[in-house]
Amino acid sequence: MFNIFSGGALERFSIFAIGIMPYISSSIIMQLASEILPTLKNMKKEGNVGRKLITKYTRLGTVLLAAIQSIGVATFVLSQKIVVISPFEFYISTVTCLVGGTMFLMWLGEQITERGIGNGISLLITAGIISGIPSAITLLNNLAQERPLLAVSLLFVVLLLVLGIVFIESALRKVPIQYAKQQNANGHSLNNSVAHIPFKLNMAGVIPPIFASSIIMLPSMLLNWLNPGSSAVGKVLSILRHGQIAYMIVFAATIIFFCYFYTALAFSPREIAENLKKGGAFVPGVRPGDKTAQYLENVVLRLTLFGALYIAFVCLLPEVLTSFVGVPFYLGGTSLLILIVVVMDFNTQIMSYRVTQRYEGLVSSRSGLK
């Protein structure tokens with residue numbers, strides 16, 4: 001998973017070997033902590049100053065996580081008996097290079113976000129995933145020469161999976177809201193205006209599978225670094241390897257848990273109900289206030305259930321194909337989900353940018369005529 005996200009940099013042991021994953025983990029931890037810890041929660045409400053402090057803490061957390069992962073990678077390489085310099089010198093050079101590479105990627109992603117189009121970190125991850133597609137096509141071509149029926153079936157499954165992800169990511173549950181009757185200056189009643197609150201089927205996005213992948217990969221990393229052998233810890237960790245049924249069950253349960261957990265943190269039905277009440281709006285057939293909050297919470301819980309099952313299915317399907325069918329399916333479900341979601345978001349950003357440019361050009365031409 002780390003190798004796919006870094007575009008094969010981990011396999012080559014390049015400067016970008018651990019990629020941008022430490023920054024993603026630090027961002028998720030800070031985002032969750034800012035909803036749980038009162039100090040960070042108040043800091044988040046302070047506006048631009050609070051956001052700058054949270055960004056600073058996120059960067060410091062990135063350095064810490066990158067250093068820990070770099071030490072782990074260096075320890076694993078040292079255990080292979082291939083290092084010809086002193087361990088101290090190797091640790092210093094390895095940690096410096098890998099942490100520096102991660103911080104450069106973080107800086108580059110922030111620059112893309114500020115000066116480019118779309119989220120820079122997501123685009124960097126997507127670029128790493130796309131860079132692995134040619135090798136996957138080569139493997140598929142080799143498979144087609146040996147087992148053509150299996151290759152065609154695999155291609156068909158991938159196309160269906162892409163179609164399903166696009167369809168579900170575009171699905172919305174529109175909750176109708178209605179505004180109370182208002183009167184104009186002459187005392188005449190105006191018509192009720194009807195609007196909708198759109199809720200996505202997958203409200204948590206790609207954060208649950210990324211966070212679940214980071215957590216579920218930790219036992220495998222410990223197994224490689226610590227080498228517990230035939231001890232009880234080693235047997236437990238070996239069960240959680242890729243392709244094991246226990247791994248799939250824990251992975252699916254972790255994804256579902258984080259879908260509910262992240263949705264609960266990011267969505268506040270009581271706050272939306274209060275805002276609707278203050279704005280003179282209500283859901284038809286539902287009382288304003290607590291009843292509206294309860295109704296919205298039930299809607300979100302149902303959506304989250306289907307969204308969590310959908311994400312778990314997408315992420316586990318490649319594992320099932322690899323383990324039980326024997327297919328070299330190197331483009332994982334999490335990677336495919338991230339790739340499609342980011343491309344869809346990037347396309348939306350491009351369309352918005354084009355509309356804005358047309359509007360600015362129209363305003364400029366009118367100003368010139370005047």
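Under the ring-ring contact (aromatic ring centres under 6.0 Å, His included) criterion, Phe258 pairs with Phe211, sequence neighbours left out.
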Given the rule in the side chain to side chain contact (heavy atoms under 4.5 Å, CB included) test, do Met344 and Val166 qualify, once you have shown the distances and angles that lead to the verdict?
CA-CA 8 Å; Met344 290 176 64; Val166 173; 4.3 Å; yes
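The shortest distance between side-chain heavy atoms of Phe346 and Thr126 does not fall below 4.5 Å. A heavy-atom distance below 4.5 Å is found between the side chains of Val314 and Ile165. Cys259 has its side chain within reach of Ile311: a pair of non-hydrogen atoms, C-beta onward, lies under 4.5 Å apart.
Residue pairs satisfying the side chain to side chain donor-acceptor pair (under 3.5 Å) criterion with at least one member in residues 287-315, sequence neighbours excluded, are listed as follows: Glu169-Tyr310, Arg270-Asp290.
Using bins of under 30°, 30° to 60° and over 60° for the plane-to-plane angle, the ring pair Phe16/Phe104 lands in the parallel bin.
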Show the atom names and distances, to 0.1 Å, of all donor-acceptor pairs under 3.5 Å that link a side chain in residues 137-146 to residues at least two apart or in another chain.
from, atom 1, to, atom 2, distance (Å)
Thr138, OG1, Pro134, O, 3.0
Asn142, ND2, Thr138, O, 3.3

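Checked by atom type, the side-chain pair Tyr91/Ser70 shows no donor-acceptor distance below 3.5 Å.
Using modelled atom types, no side-chain atom of Ser26 and backbone atom of Pro22 make a donor-acceptor pair closer than 3.5 Å. Using modelled atom types, no side-chain atom of Thr102 and backbone atom of Ile20 make a donor-acceptor pair closer than 3.5 Å.
Cluster annotation: Ile168 and Leu309 are assigned to distinct hydrophobic clusters (Ile/Leu/Val/Met/Phe/Trp/Tyr, side-chain heavy-atom contacts under 4.5 Å, transitive).
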